[in-house]
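Below is one structure; the comments refer to it alone.
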Amino acid sequence: MNVFMIAREYAGIAEAGGVKNVVCSLSETLADSGCNVTAFIPYYGCTDTSLLSSYTRLSLKISVKTAGNEEKISFSRGRLNGVDIIFIHHPAFTEKKGVYTYTLEEEKENPSFKKGQGHKDTLLLNSIFQKGLVSAAKELNLDKPDIIHCHDATAALVPVFIAQAMKDSSELKEYYKKARSIVTIHNAGPGYHHEYSTLKEALFYTALPEKTLLKGLSSGNRIEPFILAADYSLVTAVSPWYAREITEGKTDTDGLSEAFKRKNVRIEGIINGIDPERYNPENPQHSRLPYSFAPEKHDLAGKYQCRNYFLNEYASKLSADKNLKRGIIQYGFLDKAEDNIPCLTYHGRIAHQKGIDIAAGAARRLLEQKLDLRFIFAGQGSPELEEEFVKIARDFPGKAVYLKGYTREMARLSVVAADFSLHPSYFEPCGLEDFIAQLYGTIPVANATGGLKKILDEETGFLYSPNTAEKLSEVLYSLIKIRSIPGFNIFTSMVAWASKYVKETYSWKNVTEKMYLPLYKSLLEGKKDC
């Protein structure tokens, strides 16, 4: 089976959000299963090719029509862990230092490029990328694809461009005629649609026929890539719970749910997996942790050694200068904590979707009760929401720390150091942080929404509802009281079962063999529409 994997990011090469992990892990697992996998991604100014073997620039050059111009595109190629990687080169990509948003460095060079703001030419970037790979695949002498798997709105129009290319070219019709397409929604929330505000704008960037574009009409006369893709591909979401929420209009999709309902689109939900070995706490070479431990074997001594290391190196009164050198800004500090003193963490994007106000509100309620506990906040994002954590760290010295920024070691240690991790997302398509927490012997406490429902309540973690600071603090208060009993840790068995359950149920090998390969085969056999 020849599979084309299409996305704007890929782990280890060009990284932004959780899509990178899905695309990389699914591609590598498919390759291990015997598929021929080719991944297409743009080449950015931040692209890292150091892990690739046989990386070469190619002689092929093509032009695609978009935004009223003929844009010239070139290509390069490499291989990583059994997957062929094709890079699309264009100055609009190579000048970017971030995948989707401007960096602090770009803001310093041009004050109009605000750090964290989406690229102003995003629609142009998407068109160049998608139209370029559709036109070039045959010219690159790639075998005819069986499955074309497109990830998120930035790649959702690929099946549409293929359909048009098949009308315009008999050679491309022959090349793509047996291919079946999938478009996976990783996030249907506001701000993730990459929609065209008007038909005129869609015509300008895509050069597709008006009749075709009108199939993607949504609220406010917008043309939505996800809606348009539904006429040319199978639409999936990254968990069955999120797929149902989109279909039933029970999550904020900014009009997508209503448009899908009008078109009677069925969305199939397939849960994302995880590569347990990449986080394996028994193997420091993979986990990048200073000490090893084994949750499944009830061996947590190394976990608490990691906690002490984290408190000393990242969260003490004396660690601020070290953190600055790492590119991390430290607010507040944590006092030393005995093993029975509960530690709680939030690690991830600082964005409204993630329920930052809920996490901050619950933390403040608990800290105001003068309980002996520690709060760790780590991540970056919206400045207004970051300030919520900054204030808590300043208001409760010794009890709360906020680490603004990212390094892999800090991110992982901030989870390992805790007993409980907070996941108060307003909506969550799948969620990866709860998986990581469970592998590291940290118990997730999550709002019962979307993909977070994969947590088995009171078995592998805790779910709560409604999603309010009051409810979260109430749940945490009970857990903290139990955890604080000296010499008594009722949660050890839960930690062991959660780690085992995630490994056995949600490894990418299991998800690929039991869900994705059967889905691909059913598409090729005509048992599912696309």
Without swapping roles, check the side chain of [X] against the backbone of [Y] for a donor-acceptor pair under 3.5 Å.
X      : Y      : result
Lys354 : Pro424 : no
Lys263 : Leu228 : no
Ser127 : Leu124 : no
Ser257 : Ile246 : yes
Ser522 : Leu519 : yes
Lys138 : Tyr175 : no
Asp152 : Ile185 : no
Trp241 : Gly451 : no
Ser287 : Leu289 : yes
Gln130 : Val158 : yes

Among Arg278, Arg79, Lys509, which one satisfies salt bridge (Lys or Arg N to Asp or Glu O under 4.0 Å) with Glu28?
Arg278

Counting only heavy atoms not in [X] (residues, nucleotides, ligands), do more than 12 fall under 6.0 Å from its [atom1]?
X      : atom1 : value
Lys250 : NZ    : no
Glu171 : CD    : no
Gln285 : CD    : no

Does the ring centre of Phe491 sit less than 6.0 Å away from the ring centre of Phe420?
yes

Going by the angle between their ring planes, with limits at 30° and 60°, are Tyr406 and His347 parallel, tilted or perpendicular?
tilted

Is the His151 ring parallel, tilted or perpendicular to the His149 ring (thresholds 30°, 60°)?
parallel

Would you say Thr442 and Asp419 make side-chain contact, with heavy atoms under 4.5 Å?
no

Report yes if some heavy atom in the side chain of Val445 is under 4.5 Å from a heavy atom in the side chain of Ser421; otherwise report no.
no

Does the structure place the NZ or CZ of Lys454 under 6.0 Å from the centre of the six-membered ring of Phe435, at an angle of no more than 45° from the ring's axis?
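Yes, a cation-pi geometry holds between Lys454 and Phe435.
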
For residues 24-56, which residue pairs qualify under ring-ring contact (aromatic ring centres under 6.0 Å, His included), counting only residues two or more places apart or in two chains?
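Those involving residues 24-56 are Phe4-Phe40, Tyr43-Phe87, Tyr43-His89, Tyr44-Phe93, Tyr55-Phe87.
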
Given Ile271, Asn272, Ile270, the one that forms side chain to side chain contact (heavy atoms under 4.5 Å, CB included) with Ser239:
Ile271

Scanning both residues in full, the closest heavy-atom pair of Pro42 with Thr47 reads O-OG1, 4.1 Å

Residue pair Ala14 / Glu9: nearest heavy atoms and the distance that separates them:
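The pair with the smallest heavy-atom distance is O-CB, 3.2 Å.
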
What's the separation between atom [atom1] in [X] and atom [atom2] in [Y], rounded to the nearest 0.5 Å?
X      : Y      : atom1 : atom2 : answer
Leu203 : Leu208 : CG    : CG    : 8.5 Å
Asn126 : Leu157 : CG    : CG    : 8.0 Å
Leu172 : Lys177 : CG    : NZ    : 13.0 Å
Phe75  : Leu58  : CZ    : CG    : 8.5 Å

